[in-house]
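Predicted, not measured: the structure shown is a model, and the values here were computed from it.
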Amino acid sequence: PFQEGEKNAMGVYWKQIQWVNHELQRICQQQQAQDGHNKLYFADLSDIFLGEDTGGPRQLQSDLLFDGVHPTGKGYEAWAPALVRQIEHVLKEDWRQNKWQPKALSSE
């Protein structure tokens, strides 16, 4: 859990999380450039865990991340709808471009 005095700090791991997110996005873009189509998708949903943008440094919402990294139950409740929207968007886009075809379930 957050240490006393760190309750709403950006968290000791936030810079590393931002770097990992950047690298994951770069890998997805690189793969798309090599293959000409997406097999990997990246959605940066970290804004969900940050407080309002008031012009200064944004702060982690400690009620959404219990240790500055891992979501609480409330954090997952905030994250899930945004993740579902991203998945629906990807599936619709793939369907529109005929990249995704449903497969019949095997009766075996």
Participant: Let me confirm one number: the CD-CZ distance from Q32 to F42, rounded to the nearest 0.5 Å.
Facilitator: 14.0 Å
Participant: How many angstroms lie between atom CD of Q18 and atom CG of D44, to the nearest 0.5 angstrom?
Facilitator: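 Here the interatomic distance stands at 8.5 Å.
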Participant: Hey, are the side chains of P71 and F49 touching, using non-hydrogen atoms and a 4.5 Å cut-off?
Facilitator: yes
Participant: Atom CD of Q86 and atom CG of L45: how far apart are they, to the nearest 0.5 Å?
Facilitator: 5.5 Å
Participant: Could you tell me whether a side-chain N or O of T72 sits under 3.5 Å from a main-chain N or O of F66, the two making a donor and an acceptor?
Facilitator: no
Participant: Nearest 0.5 Å, please: how far is NZ in K74 from CG in L64?
Facilitator: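 Output value for this atom pair is 6.0 Å.
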Participant: Shared ILVMFWY cluster between I27 and V20, side chains joined below 4.5 angstrom?
Facilitator: no
Participant: Quick one: do W19 and L24 end up in the same hydrophobic cluster if we chain Ile, Leu, Val, Met, Phe, Trp and Tyr together by side-chain heavy atoms under 4.5 Å apart?
Facilitator: yes
Participant: Could you list the residues that satisfy ring pair (Phe, Tyr, Trp, His ring centres under 6.0 Å) with Y76, not counting sequence neighbours?
Facilitator: W79
Participant: Checking E23 now: which residues fulfil side chain to side chain donor-acceptor pair (under 3.5 Å) with it, not counting sequence neighbours?
Facilitator: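 Listed in chain order: R26.
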Participant: Search all heavy atoms of L50 against all heavy atoms of Q61 and return the closest pair with its distance.
Facilitator: O-NE2, 3.0 Å
Participant: About how many Å separate CD1 of I17 and OG of S46, when rounded to the nearest 0.5 Å?
Facilitator: 8.5 Å
Participant: Which pairs pass salt bridge (Lys or Arg N to Asp or Glu O under 4.0 Å) with one or both residues in residues 79-91, sequence neighbours excluded?
Facilitator: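 Applying salt bridge (Lys or Arg N to Asp or Glu O under 4.0 Å) to every pair that reaches into residues 79-91, excluding sequence neighbours, yields nothing.
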